[in-house]
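Shown next, in structure tokens, is the structure this report addresses.
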Amino acid sequence: MIKIASMKYFIYTFGCQMNKSDSERIAGFLENQNFVMVKNFKEADWVILNTCSVRQSAEDRVFGLIKNLKKLKNRPKIAITGCMATKNTKELKKKADLVFEIENLHQLNNYLKKFHISGDSLKCEKKNFTDSYFKISPHCENNFHAYVPIATGCNNFCTYCVVPYVRGREVSRPLDEILCEIKNLLKQGYKAITLIGQNVNSYGHDFKKQPDFPKLLQKIEKIQSNFWLWFITSHPKDMSDQLIKTIAKSKKICRYIHLPTQAGDNKVLAAMNRGYTREKYLKLIAKIKKALSDASLSTDIIVGFPGETKAQFQKTVDLFKKVKFDMAYIAEYSPRPGTAAYNLKDNVPSQEKKRRHKVLDKLLRQIALEKNKKLIGKTLEALIEAKKGNFYFGKTKTFKTIKITNNQQLITNNQLIGQIIPVKIKKAYDFGLEGKSTS
Ligand code: SAH
Ligand code: SF4
Ligand code: F3S
């Protein structure tokens with residue numbers, strides 16, 4: 001009998017929160033099978049790469065890493081999962097020992113056994129499991145803030161995006177399963193929950209009846225415990241008045257809205273198949289600002305989409321000035337084979353994409369700094385996440401990073417990690433705040 005229990009493993013996670021959360025389930029599964037997580041990949045028997053396909057650079061990093069792992073003296077076995085595992089399977093099978101789709105996580109143990117018996121590299125085919133891999137309990141990376149997936153996949157087919165192809169169609173998790181997972185986490189002492197999905201606000205579209213996303217939030221609100229609730233990502237076309245009302249009424253939902261706009265020009269938005277216009281987006285932002293005056297706002301942007309002219313890019317610059325985002329994740333367009341935009345000419349030169357990226361980054365930093373400066377003198381609650389050197393770091397309800405620069409007594413007290421404390425803001429940076437605990 002091949003003994004695979006007590007093997008050591010290491011997980012590299014690329015990509016978005018979905019992948020981070022999936023990695024926590026991989027860890028939960030393997031630990032249940034008596035695998036041991038190691039901190040250094042050089043000590044691992046198996047290195048698992050949980051991959052992302054969203055841009056070519058993300059895929060290149062994985063190929064580079066495989067090359068480097070293979071150069072190691074006692075090279076670990078390499079397993080690949082995540083979005084590349086459904087897309088680049090043939091190529092990856094040649095390079096790695098095992099390729100498995102995340103939906104097959106239940107079977108990972110069997111795959112590993114099979115590998116150890118045959119020694120051949122394996123590609124695990126998609127199977128029809130009645131049980132979702134979400135039922136596997138995660139081994140969460142931190143003990144006070146957890147990601148809870150509420151749906152997987154996407155039906156939107158934005159023309160540049162590979163996600164619907166690699167993650168499949170949108171499937172919502174049953175309400176009871178989500179509530180049960182949250183209650184379990186709260187029992188373990190978790191203070192903050194982030195609901196995740198590619199498009200959280202279309203939650204329930206695949207159900208015959210309710211619940212929709214606002215209903216789900218209302219059910220979570222009723223859980224009798226004090227905790228913070230965030231969610232990402234919302235799609236502008238599915239941001240209903242009911243949802244804004246639900247957030248405004250809630251004591252638990254934090255005032256942080258991530259609302260990717262991708263572009264500020266109507267022709268580009270239409271070519272991206274985003275399903276809204278610039279005017280609709282701005283109207284939505286106005287509604288959010290009115291109902292949730294203290295909310296922070298973030299977005300995703302793609303610069304250099306095929307055919308985007310300088311004048312069209314200026315529309316994005318103008319939108320930035322109008323909305324005043326606290327944060328933005330700016331990406332240079334990367335053609336993805338298989339997507340609709342792949343057939344369009346990637347005609348914005350790389351240098352021009354970089355220039356546009358820089359222009360937006362500079363503007364974002366200016367605006368974010370101005371907004372953060374207005375918080376000086378205010379006292380905000382912060383969830384303390386880490387201690388680095390002499391300082392604690394945490395997150396405000398608006399998802400801003402905050403550095404706590406208190407006296408020695410507070411700093412030497414390690415118990416603060418995972419606590420929510422009031423902090424008086426003393427300094428502001430573009431992407432962060434600094435302050436002293438007043439507790
Ligand atoms: N579901 C989310 C985000 C999914 S992917 C949404 O709809 O907003 C995360 C981000 O990657 C996207 O918001 C987009 O800005 C970026 N992205 C996706 N495909 C890309 C591509 N081909 N090139 C560059 N950036 C891309
Ligand atoms: Fe991709 Fe669009 Fe779906 Fe977001 S909504 S995952 S950008 S297809
Ligand atoms: Fe990347 Fe897959 Fe997420 S492509 S962004 S890891 S859904």
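All residue numbers refer to positions in the sequence shown, counting from 1. All figures in this text were calculated on a predicted structure; none of them were measured in a lab.
- Listed by first then second residue, pairs satisfying ring-ring contact (aromatic ring centres under 6.0 Å, His included) with a partner in residues 362-382 number zero, not counting sequence neighbours.
- Residues satisfying the side-chain hydrogen bond (donor to acceptor under 3.5 Å, both in side chains) test with Lys77, not counting sequence neighbours, are none.
- Between the Asn88 side chain and the Glu91 main chain, no donor and acceptor come within less than 3.5 Å of each other.
- The side-chain heavy atoms of Ser202 and Glu170, taken from C-beta on, include a pair separated by under 4.5 Å.
- Between Arg365 and Asp361 a salt bridge is recorded (basic side-chain N to carboxylate O distance below 4.0 Å).
- Evaluation of the side-chain hydrogen bond (donor to acceptor under 3.5 Å, both in side chains) rule for Glu221 yields Ser250 as partners, not counting sequence neighbours.
- Contacts of Lys249 classified as salt bridge (charged side-chain N to carboxylate O under 4.0 Å, His left out), with partners at least two apart in sequence or in another chain: none.
- Here the side chain of Lys191 pairs a donor or acceptor atom with the backbone of Gly418 at under 3.5 angstrom.
- Looking at Asn19, its side chain does come within 3.5 Å of a backbone N or O of Thr51 through a donor-acceptor pair.
- Checked against a 6.0 Å centroid threshold, the rings of Phe157 and Tyr165 count as neighbours.
- Under 4.0 Å is where a charged nitrogen must lie from a carboxylate oxygen, and between Asp346 and Lys353 at least one such pair does.
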Pairs of donor and acceptor atoms involving the side chains of residues 225-233, under 3.5 Å and at least two apart or interchain, shall be tabulated with distances.
residue : atom : partner : partner atom : Å
Trp230  : NE1  : Lys397  : O            : 2.9

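- Gln56 places a side-chain heavy atom less than 4.5 Å from the side chain of Asp60.
- Note: Phe100 and Tyr111 have tilted aromatic rings, judged against thresholds of 30 and 60 degrees for the angle between ring planes.
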Distance-only donor-acceptor pairs under 3.5 Å for side chains of residues 63-75, two or more places apart:
residue : atom : partner : partner atom : Å
Lys70   : NZ   : Lys95   : O            : 2.6
Arg75   : NH1  : Asp97   : OD2          : 3.2
Arg75   : NH2  : Asp97   : OD1          : 3.4

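- At least one side-chain heavy atom of Leu30 sits under 4.5 Å from a side-chain heavy atom of Leu108.
- Relative orientation of the His145 and Tyr147 rings is tilted, given thresholds of 30° and 60° on the angle between their planes.
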Would you check, one step at a time, whether the test salt bridge (Lys or Arg N to Asp or Glu O under 4.0 Å) holds for Lys87 with Glu59? CA-CA 11 Å; Lys87 183 172 160 281; Glu59 293 196 351; 2.6 Å; yes

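- Counting heavy atoms from C-beta outward, Asp22 and Asn50 have side chains that approach closer than 4.5 Å.
- Residues Cys158 and Gln262 form no side-chain contact, since every pair of their non-hydrogen atoms from C-beta on lies 4.5 Å or further apart.
- For Phe10 and Tyr12, the gap between ring centers is short of 6.0 Å.
- A cation-pi contact links Lys388 to Phe393, judged by a cut-off of 6.0 Å to the six-membered ring centre and 45° from its axis.
- Within the 4.5 Å cutoff, no side-chain heavy atoms of Glu181 are placed close to those of Phe134.
- At a threshold of 4.5 Å between non-hydrogen side-chain atoms, the residues Leu185 and Cys140 count as touching.
- Of the possible donor and acceptor atoms, none in the side chain of Ser234 sits under 3.5 Å from a partner among the backbone N and O of Leu259.
- Salt bridge Arg255/Asp294: present, at least one basic N to carboxylate O contact under 4.0 Å.
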